[in-house]
Amino acid sequence: MRVVSYVACIIGGAVLCYLLLSLGVVDVVDGVPGTMQEPAIALPTYLGFISAMMTAVTAVLAAVAIGIGVVAFFTFGGIKNEAQKVASERVNELVNEKLSDEAIKARIDEIAFGQGPRGELDEDFDPDDTGNR
């Protein structure tokens, strides 16, 4: 973000210098305010002042928008990589949990012996295995 603010300041300064030089407020040769000849557009007029200010604001907003776009481009890749890393860790945890010896034995007991998760017999379990349910 610091780089984006530096770029915005540089662009804003360049626009301000361009406006001051093009309007004749500052002389290009010696840099002293108040040139000998009348500027092409007089800065004190309301229309000239508003146009200069709107141009500067537009240039600064454009620089900020470009900076936000650059930051968003690089941030998206970081978010994507972090999400993939977290997802793969979670998948590994779930696989290890579901394929552990205790989980497999519990599932075998549940299916083969008709026992629930706490070792209780299911209601439909026939201990005599007569086939009548």
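Count residues from 1 along the sequence.
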Verify same cluster id: Leu99, Val91 (apolar side-chain graph, 4.5 Å): yes

Hits for side chain to side chain contact (heavy atoms under 4.5 Å, CB included) against Gln84, two or more places apart or cross-chain, chain-then-number order -> Lys80, Asn81

Separation between SG (Cys9) and CG (Leu16), nearest 0.5 Å, reads 12.0 Å

- When hydrophobic residues are tied together by side-chain contacts of less than 4.5 Å, even through go-betweens, does Ile79 share a cluster with Phe76? no

In short, Val60 meets Gly12 closest at the heavy-atom pair CG2-CA, 4.1 Å

### Task
Answer whether the closest heavy-atom distance between the side chains of Val71 and Val4 falls below 4.5 Å.
yes

Assess whether a salt bridge exists between Glu102 and Lys105, defined as any Lys/Arg side-chain N lying under 4.0 Å from an Asp/Glu carboxylate O. no

Of all heavy-atom pairs linking Ala59 and Ile11, the shortest is O-CG2, 4.2 Å

CD (Glu82) and OG1 (Thr75) are apart, to the nearest 0.5 Å, by 13.0 Å

*Find out if a path of hydrophobic residues (ILVMFWY) with successive side-chain heavy-atom gaps under 4.5 Å connects Tyr18 to Val15.*
yes

Rounded to the nearest 0.5 angstrom, the CD1-OG1 distance for Ile50 and Thr55 is 10.5 Å

Tightest non-hydrogen contact, residues Ala63 and Ala8, listed as CB-CA, 4.1 Å

So CD1 of Ile68 and CG of Leu61: to nearest 0.5 Å the spacing works out to 9.5 Å

